[in-house]
Amino acid sequence: MILTIRPEHPDDLPVIREVIKSAFKSADHSDHTEHLIVDLLRQEKALSVSRVAELDGRIVGYISASPVTVNGATVNWYGIGPVAVVPSEQHKGLGSKLVLSCIETLQKLPADGAVLLGEPAFYERFGFRVHPELTLPGVPEHYFMALRFRGVVPKGEVRYHRAFGT
């Protein structure tokens, strides 16, 4: 099996939508709009990172990142998500490879850091940690984590792009 992680191409968009829908179909924590969020981010040219995982030429995973603000200010930090892997390929390391690829891409921008909302047991292995001074209202604080690439971790309230409905 050959795994390739690469930037999305315009021809990938319908498949990306289906991968995201499939990945979140049974997720209890989802409102099942992740594909619509990505569509709006793309439409508004707010996707800073948009990568697919291909397994033997078939797209089976997706990850994106978009700019966030802290206390309403642009801070060169990005929000990672959604991260999606089709159910038949989950728990095989593809999600980890997508996250590592996204982090590497963000560092090359160069971003100062990234935030995400997710399962600590999964994301802590990449260096993400809860930073109590960095908040995302309305979510349990132990699921909102940050990874600093350079500089200091900003302090304040994080806002994702309006596509996320926040």
Side-chain angles (χ1 to χ4, degrees), residues 3 5-6 8 15-42 46-55 59-70 75 77-107 109 111-149 153-166:
L3 175 68
I5 298 178
R6 61 164 176 81
E8 72 171 31
V15 178
I16 289 170
R17 289 183 106 241
E18 292 309 311
V19 165
I20 296 169
K21 285 164 55 172
S22 171
F24 286 95
K25 185 176 183 176
S26 300
D28 294 335
H29 63 278
S30 172
D31 62 2
H32 311 290
T33 61
E34 290 82 3
H35 63 289
L36 300 175
I37 292 168
V38 172
D39 287 348
L40 185 54
L41 288 169
R42 188 179 294 109
L47 282 174
S48 302
V49 176
S50 187
R51 300 180 67 77
V52 298
E54 281 185 334
L55 192 58
I59 296 174
V60 296
Y62 176 78
I63 193 166
S64 64
S66 54
V68 296
T69 61
V70 178
V75 291
W77 277 63
Y78 295 80
I80 295 177
V83 180
V85 176
V86 296
S88 64
E89 300 301 330
Q90 290 176 1
H91 308 292
K92 297 180 181 179
L94 292 177
S96 294
K97 289 179 175 147
L98 281 164
V99 171
L100 288 170
S101 174
C102 186
I103 290 169
E104 180 180 296
T105 302
L106 286 170
Q107 288 174 323
L109 284 180
D112 291 338
V115 295
L116 54 74
L117 185 61
E119 181 58 47
F122 180 75
Y123 290 104
E124 286 176 348
R125 73 182 79 176
F126 307 105
F128 283 91
R129 300 284 181 266
V130 171
H131 292 270
E133 68 278 6
L134 196 59
T135 62
L136 182 64
V139 301
E141 79 173 42
H142 63 280
Y143 288 110
F144 184 64
M145 296 168 282
L147 176 61
R148 178 185 60 82
F149 304 144
V153 175
K155 295 178 182 179
E157 186 176 296
V158 172
R159 290 278 180 209
Y160 283 76
H161 186 277
R162 69 180 187 85
F164 287 87
T166 58

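Computed from a predicted structure; not experimentally measured.
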Fill in the blank from the handout: Lys155 meets the salt bridge (charged side-chain N to carboxylate O under 4.0 Å, His left out) criterion, sequence neighbours left out, with none

Donor-acceptor contacts under 3.5 Å from residues 83-106 side chains, at least two apart:
from   : atom 1 : to     : atom 2 : distance (Å)
Glu89  : OE1    : Lys92  : NZ     : 3.3
Gln90  : NE2    : Val85  : O      : 2.7
Lys92  : NZ     : Ser88  : O      : 3.1
Ser101 : OG     : Arg51  : NE     : 2.6
Ser101 : OG     : Arg51  : NH2    : 3.4
Glu104 : OE2    : Lys108 : NZ     : 3.4
Thr105 : OG1    : Ser101 : O      : 2.8

Exercise for the section: Write down the atom of Tyr78, the atom of Ala65, and the distance for their closest heavy-atom approach. Expected result: CB-CB, 4.4 Å

Exercise for the section: Show the numbers, then the answer: is there a side-chain contact (heavy atoms from CB on, under 4.5 Å) between Thr135 and Glu141? Expected result: CA-CA 7 Å; Thr135 62; Glu141 79 173 42; over 6 Å; no

Fill in the blank from the handout: Of all heavy-atom pairs linking Leu109 and Ser48, the shortest is CD1-CB, 4.5 Å

Handout entry: Set of residues satisfying ring pair (Phe, Tyr, Trp, His ring centres under 6.0 Å) with respect to Phe126, sequence neighbours excluded
Key = Phe122

Practice task
With the side chain counted from C-beta on, respond yes when Arg17 and Leu36 share a heavy-atom pair under 4.5 Å apart, and no when they do not.
Solution key: yes

Problem - Arg148 bridged to Asp112 by N-O distance under 4.0 Å - result: no

Problem - His131 (side chain) donor-acceptor with Glu133 (main chain) under 3.5 angstrom - result: no

Exercise for the section: Search all heavy atoms of Ser66 against all heavy atoms of Phe164 and return the closest pair with its distance. Expected result: OG-CE1, 3.8 Å

Problem - Minimal non-hydrogen separation, Gly118 against Tyr123, with atom names - result: CA-CE1, 3.8 Å

Practice task
Answer whether the closest heavy-atom distance between the side chains of Phe128 and Leu116 falls below 4.5 Å.
Solution key: yes

Practice task
Mind running side-chain contact (heavy atoms from CB on, under 4.5 Å) on Val153 and Trp77 for me, showing each step along the way?
Solution key: CA-CA 9 Å; Val153 175; Trp77 277 63; 4.2 Å; yes

Exercise for the section: Indicate yes or no: at least one non-hydrogen side-chain atom of Ile59 is less than 4.5 angstrom from one of Arg6. Expected result: yes

Handout entry: Within-4.5 Å side-chain heavy-atom neighbours: Leu136 and Arg159
Key = no

Fill in the blank from the handout: In terms of heavy-atom contacts, Pro120 and His142 come closest through CG-O, 3.0 Å

Fill in the blank from the handout: Rounded to the nearest 0.5 Å, the NE2 atom of His161 sits from the CG atom of Leu40 at a distance of 6.0 Å

Exercise for the section: Begin with the C-alpha distance, continue with both residues' side-chain angles, and end with the deciding distance and a verdict on side-chain contact (heavy atoms from CB on, under 4.5 Å) for Met145 and Arg129. Expected result: CA-CA 5 Å; Met145 296 168 282; Arg129 300 284 181 266; 5.8 Å; no

Completion exercise
Value for OH (Tyr62) from CD1 (Ile16), rounded to nearest 0.5 Å, stands at 5.5 Å

Practice task
Report the C-alpha separation of Leu3 and Glu54 in whole Å, then their side-chain angles, then the decisive distance to 0.1 Å, and conclude whether the side-chain contact (heavy atoms from CB on, under 4.5 Å) test is met.
Solution key: CA-CA 6 Å; Leu3 175 68; Glu54 281 185 334; 5.9 Å; no

Exercise for the section: Calculate, to the nearest 0.5 Å, the distance between atoms CD1 and CG belonging to Ile80 and Leu147 respectively. Expected result: 7.5 Å

Handout entry: Tyr160 and Thr69: side chain donor to acceptor below 3.5 Å
Key = no

Exercise for the section: Give a yes or no answer on whether the side chain of Ser64 reaches the backbone of Val49 with a donor-acceptor pair at less than 3.5 Å. Expected result: no

Practice task
Heavy atoms only: give me the nearest Pro154-Val70 pair and the separation to one decimal.
Solution key: CG-CG2, 4.0 Å

Exercise for the section: State plainly whether the residues Glu8 and Arg42 are in salt-bridge range, i.e. N to O under 4.0 Å. Expected result: yes

